[in-house]
Amino acid sequence: MAITGSGSLAVSLSVFVISAAFLPKGGSNTTPLEKNKNTTDNVSVIEGETATISCRVKNNDDSVIQLLNPNRQTIYFKDVRPLKDSRFQLVNFSDNELRVSLSNVSLSDEGRYVCQLYTDPPQEAYADITVLVPPGSPIIESREDVVSEGNETELTCTAMGSKPAASIRWMKGEEELTGETTVEETYDRMFTVTSRVKFSVTKEDDGVPVDCIIDHPAVKDLLAQRHLEVLYKPEVKIVVTYPEGLTREGDNLDLSCIADGKPHPHQINWLRVDEDVPPHAVVTGSDLYIENLNKSYNGTYRCVASNAVGEAYDDYILYVYDSRAGEGAPQKIDHAVIGGVVAVVMFAILCALIVLGRYFARHKGTYFTHEAKGADDAADADTAIINAEGGHNNTDEKKEYYI
């Protein structure tokens, strides 16, 4: 404050800013962001961490700086701390800055902090501190521990005690699921979020993980996981162990029934559809053995496997051929070999035609003789014939020209 010579009161105003910064546990000081006069630098701080509040002054004329809490209680007056809260510690004090740290931040510390400069009139700037509370470990529950294929299951995931409310996502393997979410606010400004998801399962879902993923600004990579346990009826397949080819009269037949399911099939039965199994057929576990086949054994043989979920079967159709069936049958023609031979023959013929063509082309020319010499000078046709015939006897004068 200064008094001018004319008696009027002149007030020198200083411009200052307030900012707050979040410091992780054990972290170093964070440079605050400066704002213009009377602006707010809002900061979110995780509960239990450290925040830094900084009051900065430009062109200070020795005015006093003090920091007030949301209840307008003085935390620091210059470099003196009147407030009996040791969590507030002086980080830096100068003519241009008052910087204070607040450790172990709790919900009660949330609110608007005031940086006040003693001028006439006083100047103030504000910073709102929001305290984030991460949710506890999510809890995932299932309506039933085990579900049979084709049925519907329901999973519930709960994220308790967070601020603000968390959001929940569901993943089944690589597939995202859509759940129904409810949010409940408690008396202490905390939130409990519950999400439920329903879907039908197949045998392919057995062992697949279902993840409940929590999204919250105060925490990362928070999830709960549960693996599906799906029961399904058996899968059955009949394998012919012997013989490898045709089943002929007098041969033996050995069939094996392979069955798998969850739970494992507790019973495997062999039967002959619409008829009785041959009396001397032997069933050993999952194998069926019939010796000395004859045509009366023709029919459909079925392997039936069952477990607690249901039953399934596979069929084998037996047809007994004559004892000499397949003998003396023409060998299989290798069409590839035949095709190769034909291609070679055609290529040879084509080459021969090309060679002959070139040979005749090279010996092609004009053939001149004097056999009709004298015919051109004859007076009439009879004389021309005589002269021509006379030319045949004069072989010494014949000449040939090749071009």
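The analysis underlying the following values was restricted to heavy atoms, covering all of them including side chains, and did not include hydrogens, waters or symmetry mates.
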(request) Sorted by first residue and then second, give each salt bridge (charged side-chain N to carboxylate O under 4.0 Å, His left out) pair with at least one member in residues 268-284; sequence neighbours left out. (result) R272-E275
(request) Nearest 0.5 Å please: distance from the CH2 atom of W170 over to the CZ atom of R196. (result) 10.0 Å
(message) Within the supplied structure, the quantity of interest is the number of heavy atoms (other residues, nucleotides, ligands) at a distance under 6.0 Å from L353 CG; does it exceed 12?
(response) yes
(message) Just to verify, what does T74 make a side chain to side chain donor-acceptor pair (under 3.5 Å) with, not counting sequence neighbours?
(response) Q66
(request) For the pair T241 and D287, evaluate side-chain contact (heavy atoms from CB on, under 4.5 Å) and give the outcome as yes or no after the intermediate values. (result) CA-CA 9 Å; T241 306; D287 296 336; 5.9 Å; no
(request) Looking only at non-hydrogen atoms, find the nearest pair between V230 and D206 and report the distance. (result) N-OD1, 3.0 Å
(message) Would you say that S101 contacts F88 through its side chain, given a criterion of any heavy-atom pair below 4.5 Å between the two side chains?
(response) no
(request) Take atom NZ of K295 as the centre, draw a 6.0 Å sphere, and report whether it contains more than 12 heavy atoms from other residues, nucleotides or ligands. (result) yes
(message) side-chain contact (heavy atoms from CB on, under 4.5 Å) for E185 and M190? Distances and angles first, verdict last.
(response) CA-CA 6 Å; E185 183 176 1; M190 307 287 277; over 6 Å; no
(request) Taking the side chain as every heavy atom from C-beta outward, state whether S106 and V131 have any atom pair closer than 4.5 Å. (result) no
(message) Distance check, rounded to the nearest 0.5 Å: S286 atom OG versus I258 atom CD1?
(response) 8.0 Å
(request) Would you indicate whether the side-chain heavy atoms of Y113 and P70 approach each other to under 4.5 Å? (result) yes
(message) Can you list everything that forms a salt bridge (charged side-chain N to carboxylate O under 4.0 Å, His left out) with D85? Sequence neighbours excluded, please.
(response) R87
(request) With sequence neighbours left out, write down each residue that passes salt bridge (charged side-chain N to carboxylate O under 4.0 Å, His left out) with E149, or none if nothing qualifies. (result) none
(message) Taking side-chain contact (heavy atoms from CB on, under 4.5 Å) as the definition, give me every residue that meets it alongside E152, ordered by chain and number, with sequence neighbours left out.
(response) R143, K198, S200
(request) Mind listing the closest non-hydrogen atom pair of V197 and T178 along with its distance? (result) CG2-O, 3.7 Å
(request) Please report the closest heavy-atom contact between G173 and V208, naming both atoms and the distance. (result) N-CG1, 3.8 Å
(message) Is there a side-chain contact between T192 and T158 in this structure, where contact means two heavy atoms from C-beta onward sitting under 4.5 Å apart?
(response) yes
(request) Using the test side-chain contact (heavy atoms from CB on, under 4.5 Å), find all partners of N92 that sit at least two apart in sequence or belong to another chain. (result) S94, E97, R99
(request) Not counting sequence neighbours, which residues clear ring-ring contact (aromatic ring centres under 6.0 Å, His included) with Y297? List them please. (result) H280
(request) List the atom of S162, the atom of P134, and the distance in Å for their closest heavy-atom pair. (result) CB-C, 4.2 Å
(message) Test of understanding: with side-chain contact (heavy atoms from CB on, under 4.5 Å), list the residues that count as partners of A312, not counting sequence neighbours.
(response) V236
(request) In sequence, state the C-alpha distance, the side-chain angles, and the governing distance for C212 and I168, and then conclude on side-chain contact (heavy atoms from CB on, under 4.5 Å). (result) CA-CA 7 Å; C212 167; I168 297 178; 3.6 Å; yes
(request) For residues A166 and V193, report the shortest heavy-atom separation together with the two atoms involved. (result) O-CG2, 3.3 Å
(message) Is the shortest side-chain heavy-atom distance between K262 and E229 below 4.5 Å?
(response) yes
(message) Using 0.5 Å steps for rounding, measure from the OG1 atom of T153 to the CG atom of D205.
(response) 10.0 Å
(message) Tell me which pairs pass salt bridge (charged side-chain N to carboxylate O under 4.0 Å, His left out) where either residue lies in residues 211-226, with sequence neighbours left out.
(response) D145-R226, R169-D215
(message) Taking V320's backbone N and O only, do any of them form a donor-acceptor pair with N298's side chain (distance below 3.5 Å, no angle check)?
(response) yes
(message) So for atom NZ, which belongs to K233, do other residues, nucleotides or ligands contribute more than 12 heavy atoms lying within a distance under 6.0 Å?
(response) no
(request) With side chain to side chain donor-acceptor pair (under 3.5 Å) as the test, would you mind laying out the steps for Y289 and N252 before giving the verdict? (result) CA-CA 8 Å; Y289 177 77; N252 299 329; 3.2 Å; yes
(message) Taking R324 first and then E249, would you say they form a salt bridge - that is, a charged N and a carboxylate O separated by under 4.0 Å?
(response) no
(request) Name all pairs fulfilling the side chain to side chain donor-acceptor pair (under 3.5 Å) condition that reach into residues 303-316, sequence neighbours left out, sorted by first residue then second. (result) R302-D315
(message) Counting C-beta onward and ignoring hydrogens, is there a side-chain heavy-atom pair between I268 and C303 closer than 4.5 Å?
(response) yes
(message) Other residues, nucleotides and ligands only: do more than 12 of their heavy atoms fall within 6.0 Å of CE on M160?
(response) no
(request) State, with a plain yes or no, whether a side-chain heavy atom of L67 is found less than 4.5 Å away from one of V114. (result) no
(request) Apply the test salt bridge (charged side-chain N to carboxylate O under 4.0 Å, His left out) to residues K163 and E110: give CA-CA distance (whole Å), side-chain angles for both, the deciding distance (0.1 Å), then the verdict. (result) CA-CA 12 Å; K163 180 180 175 296; E110 191 173 66; 2.6 Å; yes
(message) How close do A281 and I290 get, counting heavy atoms only, and between which atoms?
(response) CB-CG1, 3.8 Å
(message) Just to verify, what does H227 make a side-chain contact (heavy atoms from CB on, under 4.5 Å) with, not counting sequence neighbours?
(response) P209, Q225
(request) Report the distance from atom OG of S137 to atom CD1 of I139, rounding to the nearest 0.5 Å. (result) 8.5 Å
(message) Could you check whether any side-chain N or O of N71 sits under 3.5 Å from a backbone N or O of Q73, counting only pairs where one atom can act as donor and the other as acceptor?
(response) no
(request) Would you check if F199 and V210 make a side-chain contact, meaning some heavy-atom pair closer than 4.5 Å? (result) yes
(request) Evaluate the side-chain contact (heavy atoms from CB on, under 4.5 Å) criterion for residues D109 and L102: first the C-alpha distance (whole Å), next the side-chain angles of each, then the deciding distance (0.1 Å), finally the verdict. (result) CA-CA 9 Å; D109 298 319; L102 172 60; 3.9 Å; yes
(request) Report the residues that fulfil ring-ring contact (aromatic ring centres under 6.0 Å, His included) with Y319, sequence neighbours left out, ordered by chain and then residue number. (result) Y321
